[in-house]
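Chain letters run A, B, ... following the sequence lines, proteins first and then strands; every chain starts at 1. Bear in mind that the values here come from a model prediction, so they are computed numbers and not experimental data.
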There are 2 protein chains.
Amino acid sequence: MPVSRRISDSAVRRLSHYLRALETIQGEGGGTVSSEELAGRGHTTAAQVRKDLSHFGSFGKRGLGYNVQELMERLRGILGLDRIWRVVLVGAGRIGSALFEYPDFKARGYDCVAIVDADPEKIGTSWGGTVIRPAEDLEAVVQEYDVDLVILAVPASAAQDVAKRAVDAGAKGLLNFAPVQLVVGDGIPVEDVNLVMELEALSFQITRADAT
Amino acid sequence: MPVSRRISDSAVRRLSHYLRALETIQGEGGGTVSSEELAGRGHTTAAQVRKDLSHFGSFGKRGLGYNVQELMERLRGILGLDRIWRVVLVGAGRIGSALFEYPDFKARGYDCVAIVDADPEKIGTSWGGTVIRPAEDLEAVVQEYDVDLVILAVPASAAQDVAKRAVDAGAKGLLNFAPVQLVVGDGIPVEDVNLVMELEALSFQITRADAT
DNA sequence: TTGTGTGAATCCCTTCACAGCG
DNA sequence: CGCTGTGAAGGGATTCACACAA
């Protein structure tokens, strides 16, 4: 019984982890897993695995465990990976290029249909067949390709403006690499990736541990 | 009274946010902030700001608010940013180069003292004066420079091995870009950055919203 | 017997509300 | 009076423990 409850952000990350773990297990030839084994692959517990899955239905067999193949398909469906997501990359800098070449990127169904940048020297060149278009084409590109997700790999000063334009043009979600809090409409999910903040979390923990 | 409580991961991220907001406020010439204004800059509440700060002491003045300059210094101290952190980058690929060139990186006190890579063509070349050294030099580099943090920008297949070697050589924390769950000693903090997982969180939320 | 699915208990984080200080 | 600092209340998420199905 797939209940319509609010799912926490960390729970969603765990679902991603489970999927990745299942892929590994399948590669090792496993046809079945227990919640305990699945928990061992991530940093979580068997009870947590069962509870997470129970929010979406009952996929396992008592006394046996979960069918790897079936659970993978279920998780893909839950995470929305059973379709192609059209993505535009805004900002053809280093972060953008790193993302663009990320191996899992395409394998997971994320199709980068276009790249947009403000640098006149980059406009017109192409990455692996995808041409870099001028910044002002953003709205046109979003509508032309019926884009779902927009990746913001632009300087902090430009991020808010790009975000607003992207959402107004029809983007359904944003992945933001700029160190600013974006203000967008309520229904539009935004995921922030802030590399310096990750380092700060590390130095905090190390500092804290030393003090104890 | 700085209590020795366990601080949640999300609380630490909020502290980073506060620091960034304070920098902006200072740039705008503000000498004082209330918890309410600080809350408005991030996506949080005034009560949350006060509670977060209260874990480390009482930095504000009742009826007045917080002194921007002073609170910034306190936060820097709490996050461990009042010192230089020596960092080694493992993996001179695209993600590595993006990180290496990240502007805030050095400004926050993270000094990338060395780069290590396995590719013979890259070894010996240099990025902005920092020479790329062979993979087997990792331990030597960590000890030579008394390195604190190691950034893993390597393929998933290599990550666990590099992590173990780094920790054994004396690294105190890891920033991991490979999509694997690293197993390291208990006292070693690991922060994971998984770009595909961020996209999955987006597609989950969009899929969920559509279904409702 | 094994291992899931799930209410109950527990823990932790956020929010509330207000005493108290400037 | 204004706004912080903080105990208390509230809510969510994790953990426990066990009935039940294979």
Quick one, Thr207(B) and Leu79(A) - any side-chain contact, counting heavy atoms below 4.5 Å?
no
Side-chain polar contacts of residues 159-166 of chain B - donor-acceptor pairs under 3.5 angstrom, sequence neighbours left out - could you list them?
unit_1	atom_1	unit_2	atom_2	d
Gln160(B)	OE1	Val183(B)	N	2.9
Gln160(B)	NE2	Val183(B)	O	3.0
Lys164(B)	NZ	Asp168(B)	OD2	2.7
Arg165(B)	NE	Glu139(B)	OE2	2.8
Arg165(B)	NH2	Ala135(B)	O	3.0
Arg165(B)	NH2	Glu139(B)	OE1	3.0

What are the residues of residues 10-35 of chain A, sorted by number, that bring a heavy atom to within less than 4.0 Å of DNA chain C?
Ser34(A), Ser35(A)
Atom CD of Glu36(B) to atom C1' of dT15(C): distance rounded to whole Å?
14 Å
Rounded distance (Å) that lies between atom C1' of dG3(C) and atom CG of Leu38(A):
13 Å
Find out whether Val49(A) and Thr44(A) are in side-chain contact, i.e. whether some heavy atom of one side chain is under 4.5 Å from a heavy atom of the other.
yes
OH-OG distance between Tyr110(B) and Ser203(A), expressed to the nearest 0.5 angstrom
3.0 Å
For residues 174-181 of chain A, run the donor-acceptor check on the side chains, cut-off 3.5 Å, and write out each pair with its distance to 0.1 Å, sequence neighbours left out.
unit_1	atom_1	unit_2	atom_2	d
Asn176(A)	OD1	Ala178(A)	N	2.9
Asn176(A)	ND2	Ala178(A)	O	3.1
Asn176(A)	ND2	Val180(A)	O	3.3
Asn176(A)	ND2	Asp192(A)	OD1	2.7
Gln181(A)	OE1	His43(B)	NE2	3.0
Gln181(A)	NE2	His17(B)	NE2	2.8

Is the side chain of Asp52(A) donor-acceptor paired with the backbone N or O of Ala11(A) at a distance under 3.5 Å, no angle test?
no
So, is Gln48(B) near the phosphate of dT15(C), with a side-chain N or O under 4.0 Å from OP1 or OP2?
yes
Rounded to the nearest angstrom, tell me the gap between atom CG in Asp52(B) and atom P in dT6(D).
14 Å
For nucleotides 20-22 of chain D, print each protein N/O atom paired with a nucleotide N/O atom at under 3.5 Å, atom names and distance only.
unit_1	atom_1	unit_2	atom_2	d
dC20(D)	O2	Arg62(A)	NH1	3.2
dA22(D)	O4'	Arg62(A)	O	3.3

Distance-only, no hydrogens or angles: does the Glu70(B) side chain make a donor-acceptor pair with backbone N or O of Tyr66(B) under 3.5 Å?
no
Compare all side-chain heavy atoms of Trp85(A) with those of Val113(A) and state whether any distance is below 4.5 angstrom.
no
Measure the spacing between NE2 of His55(A) and CD1 of Ile78(A) and express it to the nearest 0.5 Å.
11.0 Å
Any side-chain N or O of Ser54(A) under 4.0 Å from OP1/OP2 of dG5(C)?
no
List for me each residue that meets side-chain contact (heavy atoms from CB on, under 4.5 Å) alongside Arg41(A), sequence neighbours excluded, and say none if there are none.
Ala21(A), Thr24(A), Ile25(A), Glu28(A), Glu37(A)
Could you state the CZ-P distance from Arg50(B) to dT14(C), rounded to the nearest angstrom?
15 Å
side-chain contact (heavy atoms from CB on, under 4.5 Å) partners for Glu101(B), two or more places apart
Arg94(A)
Flag yes if more than 12 heavy atoms outside Glu36(B) fall under 6.0 Å of its CD atom; otherwise flag no.
no
Taking CG from Asp9(B) and P from dT14(C), how many angstroms apart are they, rounded to a whole number?
11 Å
Let me test you: for the helix from dT1(C)-dA22(D) to dG22(C)-dC1(D), what is the angle between the axes at its two ends (five pairs each), rounded to 10 degrees?
10°
The side-chain contact (heavy atoms from CB on, under 4.5 Å) partners of Thr130(A) (sequence neighbours excluded) come to Phe100(A), Ile115(A)
Arg86(B) side chain vs Tyr145(B) backbone, donor-acceptor pair below 3.5 Å
yes
Starting at atom NE2 of His55(B), determine the distance to atom P of dC12(C), rounded to an integer number of angstrom.
12 Å
Heavy-atom contacts under 4.0 Å between residues 197-205 of chain A and DNA chain C, which residues?
none
Output a table of nitrogen or oxygen pairs between the protein and nucleotides 8-10 of chain C separated by less than 3.5 Å.
none

How are the rings of Phe56(B) and Phe204(A) set to each other: parallel, tilted or perpendicular (split at 30° and 60°)?
perpendicular
Report the distance from atom CZ of Phe59(A) to atom C1' of dT6(C), rounded to the nearest whole Å.
15 Å
Tabulate atom names and distances for all N/O pairs under 3.5 angstrom spanning the protein and nucleotides 9-12 of chain D.
none

Minimum side-chain heavy-atom gap Ile206(A)-Asp148(B) below 4.5 Å
no
Take the protein atom CD1 of Ile7(A) and the nucleotide atom P of dT14(D), then report the distance between them rounded to whole Å.
11 Å
Check: Ala140(B) main-chain N/O paired with Asp137(B) side-chain donor or acceptor under 3.5 Å:
no
Taking only N and O in the side chain of Tyr66(B), is any of them less than 4.0 Å away from OP1 or OP2 of dG22(C)?
no
Which residues share a side-chain contact (heavy atoms from CB on, under 4.5 Å) with Asp82(B), sequence neighbours left out
none
Qualifying residue, where the test is side chain to side chain contact (heavy atoms under 4.5 Å, CB included) with Val190(A) and the options are Leu152(A), Val184(A), Val167(A)
Val184(A)
